[in-house]
Undergrad: 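I have a structure I would like to understand better, so I am pasting it below and will then ask my questions one at a time.
Computed from a prediction, not measured in an experiment: that's the story for all the values here. Letters A, B, ... mirror the listed sequences (proteins, then strands); counts begin at 1. Hydrogens, waters and symmetry mates play no part in the numbers below; they use all other heavy atoms, side chains included.
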Number of protein chains: 2
Amino acid sequence: MTDLDIAEVAHRAGVPASTLRFYEEKGLIASTGRRGLRRQYDPGVLERLALIALGRTAGFSLDEIAQMFTPDGQPRIDRRKLSAKADELDRRIRELGVLRDSLRHAAACPAPSHLECGTFRRLIDAAATGGVAVPGRRVPGRR
Amino acid sequence: MTDLDIAEVAHRAGVPASTLRFYEEKGLIASTGRRGLRRQYDPGVLERLALIALGRTAGFSLDEIAQMFTPDGQPRIDRRKLSAKADELDRRIRELGVLRDSLRHAAACPAPSHLECGTFRRLIDAAATGGVAVPGRRVPGRR
DNA sequence: TCTTGACCTCAAGTCGACTTGAAGTAGAAC
DNA sequence: GTTCTACTTCAAGTCGACTTGAGGTCAAGA
């Protein structure tokens, strides 16, 4: 019996036990059984949790991540989805790059007011015309 | 009287009128008056909205953004905060870059299961050891 | 045997940024 | 003068990912 106690998993994965219970309820992970009341987990859950964390970082929702596992627990990762997400990340990275450069410029710019600085104004214009996207912006009709 | 009607502002800025009311309530923007019931806005509000959108993209909260304007409406942008945010963006960009590359690799990888692919496993390990951060992760004790 | 402390369940709360709904109102077109 | 319509207010709802709280249970140590 090499199973791990929920406390052990929580500690090793760096997430609170409440999160593990929540993930279990969502069907993202499964416990192998109980010792008394306490959930026991197969050590493989750690890898799975890592995979979940990874998906979250990539911008997948928990529901999307849940669909990336087959009923028997094997990761079933759609290569096309991965590609699409990579493209999405790429766009986001480029946007953030522009933004970062502009912020750095604004921080160093000698113009008394940022609004008097051409670089800053160009950035504002880009933002105004939708050249820079807000990440979590709710787009009506999407989702 | 060159003021803009709320509908006009909403249209030009690409945000719903409800958002403008919400921003006004939050003190992020101000209307110049009313025509009947309807809010009127100075055209400068468009620039301000662009600035707000920009701040959101950079990852500032609305409350943080509100503090970036002086009571008279001039942007008062703390250069140190900008630098700090630029650094933060830089880290995030690098993380996302690693992630994007890994996703691309996984999408193209011939290994039957992603778990059998070294590159993918290395990524998981990085995620597991905290090498890759989830953006909106609530860190207990922060905020 | 008793106590302790870490787990359990289930419902409800939180956080940020808005959106939605109900009920009311005023300017403009007819 | 009436109707239409786009606005108004205010409270409440939504969304995702968890957290928190109250009240309960059980294995292990003293």
Side-chain angles (χ1 to χ4, degrees), chain A residues 1 3-41 49 51-68 133-143, chain B residues 1 3-41 49 51-68 133-143:
Chain A
M1 204 197 278
D3 278 4
L4 305 172
D5 187 88
I6 187 172
E8 182 72 16
V9 174
H11 177 243
R12 290 215 214 170
V15 301
S18 64
T19 298
L20 298 178
R21 282 190 282 271
F22 176 71
Y23 281 0
E24 185 167 335
E25 194 183 345
K26 276 239 151 190
L28 285 164
I29 59 176
S31 50
T32 52
R34 303 281 178 117
R35 163 141 53 179
L37 286 181
R38 296 163 192 216
R39 287 166 175 80
Q40 301 295 115
Y41 292 97
L49 286 169
L51 224 37
I52 292 170
L54 190 60
R56 296 268 304 114
T57 307
F60 290 101
S61 72
L62 290 184
D63 284 347
E64 283 176 304
I65 293 171
Q67 302 200 327
M68 292 181 176
V134 176
R137 195 71 154 276
R138 281 250 204 97
V139 179
R142 198 190 55 157
R143 192 174 288 200
Chain B
M1 204 198 276
D3 277 5
L4 305 172
D5 188 87
I6 185 172
E8 181 72 14
V9 174
H11 178 242
R12 290 215 215 169
V15 301
S18 64
T19 299
L20 297 178
R21 281 185 219 106
F22 176 70
Y23 280 0
E24 185 166 335
E25 194 183 345
K26 275 238 151 192
L28 285 164
I29 60 176
S31 49
T32 52
R34 301 283 178 116
R35 165 142 53 180
L37 285 180
R38 297 165 191 215
R39 288 165 173 80
Q40 301 294 115
Y41 292 98
L49 285 169
L51 224 38
I52 293 170
L54 190 59
R56 296 269 302 116
T57 307
F60 289 102
S61 73
L62 290 185
D63 284 348
E64 283 175 305
I65 293 171
Q67 303 199 326
M68 292 182 176
V134 177
R137 196 71 155 274
R138 282 250 202 95
V139 180
R142 198 191 54 154
R143 192 175 290 201

Undergrad: Taking atom C1' of dG16(C) as reference, at what distance in whole Å does atom CG of L28(B) sit?
TA: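 It works out to 13 Å between those atoms.
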Undergrad: Between dT19(D) and T19(A), is there an OP1 or OP2 to side-chain N/O distance shorter than 4.0 Å?
TA: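 Yes, such a contact exists.
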Undergrad: Measure the OG-CZ distance between S31(B) and R38(B) for me, rounded to the nearest 0.5 Å.
TA: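 Interatomic distance, S31(B) OG to R38(B) CZ, rounded to 0.5 Å: 14.0 Å.
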Undergrad: Determine whether L28(A) and F22(A) make a side-chain contact, defined as any pair of heavy atoms from C-beta on separated by less than 4.5 Å.
TA: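 Contact flag for L28(A)/F22(A) side chains = no.
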Undergrad: Please find the pair of heavy atoms, one from G59(B) and one from E64(B), that lie closest to each other, and give the distance.
TA: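 For G59(B) versus E64(B), the nearest heavy atoms are O-OE1, 4.2 Å.
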Undergrad: Apply salt bridge (Lys or Arg N to Asp or Glu O under 4.0 Å) to D63(A) and list each qualifying residue two or more places apart in sequence or on a separate chain.
TA: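 Once residues adjacent in sequence are excluded, the partners of D63(A) under the salt bridge (Lys or Arg N to Asp or Glu O under 4.0 Å) criterion are K26(A).
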Undergrad: With a 4.5 Å limit on heavy-atom distance, are the side chains of Y41(A) and E24(A) in contact?
TA: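 Y41(A) vs E24(A): side chains touch.
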Undergrad: Within this structure, what is the CZ-to-P distance between F22(A) and dT20(D), rounded to whole angstrom?
TA: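 Distance, rounded to whole Å: 14 Å.
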Undergrad: Strictly below 4.0 Å: does Y23(B) bring a side-chain N or O up to OP1 or OP2 of dC18(C)?
TA: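 Y23(B) to dC18(C) OP1/OP2: side-chain N or O found under 4.0 Å.
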Undergrad: Please list every donor-acceptor pair under 3.5 Å in which a side-chain atom of residues 13-21 of chain B meets a protein atom from a residue at least two apart or in another chain.
TA:
none

Undergrad: Quick check: on DNA chain C, is the nucleotide nearest D63(B) upstream (toward 5') of the one nearest G36(B), or the reverse? Name the residue that is more 5'.
TA: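 Looking at DNA chain C, the more 5' nearest nucleotide goes with D63(B).
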Undergrad: Provide, to the nearest angstrom, the distance between the CD atom belonging to E25(A) and the C1' atom belonging to dA11(C).
TA: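 From E25(A) CD to dA11(C) C1': 11 Å.
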Undergrad: Any protein N or O atoms within reach of nucleotides 4-8 of chain C? Criterion: under 3.5 Å, listing atom names and distances.
TA:
{"residue": "dA6(C)", "atom": "N3", "partner": "R38(A)", "partner atom": "NH2", "Å": "3.1"}
{"residue": "dC8(C)", "atom": "OP1", "partner": "R39(A)", "partner atom": "N", "Å": "2.9"}
{"residue": "dC8(C)", "atom": "OP1", "partner": "R39(A)", "partner atom": "NH1", "Å": "2.8"}
{"residue": "dC8(C)", "atom": "OP2", "partner": "R21(A)", "partner atom": "NH1", "Å": "2.1"}
{"residue": "dC8(C)", "atom": "O5'", "partner": "R39(A)", "partner atom": "NH1", "Å": "3.4"}
{"residue": "dC8(C)", "atom": "O3'", "partner": "R34(A)", "partner atom": "NH1", "Å": "3.2"}

Undergrad: Can you tell me how far P of dC15(C) sits from CD of E64(B), to the nearest Å?
TA: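 Roughly 16 Å, once rounded to whole Å.
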Undergrad: Would you kindly give the CG-to-C1' distance between L20(B) and dT9(D), to the nearest whole Å?
TA: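 Rounded to the whole Å, the gap is 16 Å.
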Undergrad: Measure from CZ on F60(A) to C1' on dC15(D) and round the result to the nearest Å.
TA: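 Atom-to-atom, F60(A) to dC15(D), this comes out as 19 Å.
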Undergrad: Measuring to OP1 and OP2 of dT19(C), would you say a side-chain N or O of S18(B) lies under 4.0 angstrom away?
TA: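 True: S18(B) side-chain N/O within range (under 4.0 Å) of dT19(C) OP1/OP2.
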Undergrad: In whole angstroms, how far is the P atom of dC18(C) from the CD1 atom of I29(B)?
TA: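 So the CD1-P distance, I29(B) to dC18(C), works out to 11 Å.
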Undergrad: Which heavy atom in R34(A) sits nearest to a heavy atom in Q40(A), and how many Å separate them?
TA: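 Of all heavy-atom pairs spanning R34(A) and Q40(A), the closest is C-CG, 4.1 Å.
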Undergrad: In whole angstrom, what separates Q40(A)'s CD from dC26(D)'s P?
TA: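 Going from CD in Q40(A) over to P in dC26(D) covers 15 Å.
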Undergrad: Can you tell me if R35(A) touches the phosphate of dA27(D), counting only side-chain N or O atoms and a distance under 4.0 Å to OP1 or OP2?
TA: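 Indeed not, no polar side-chain atom of R35(A) lies that close.
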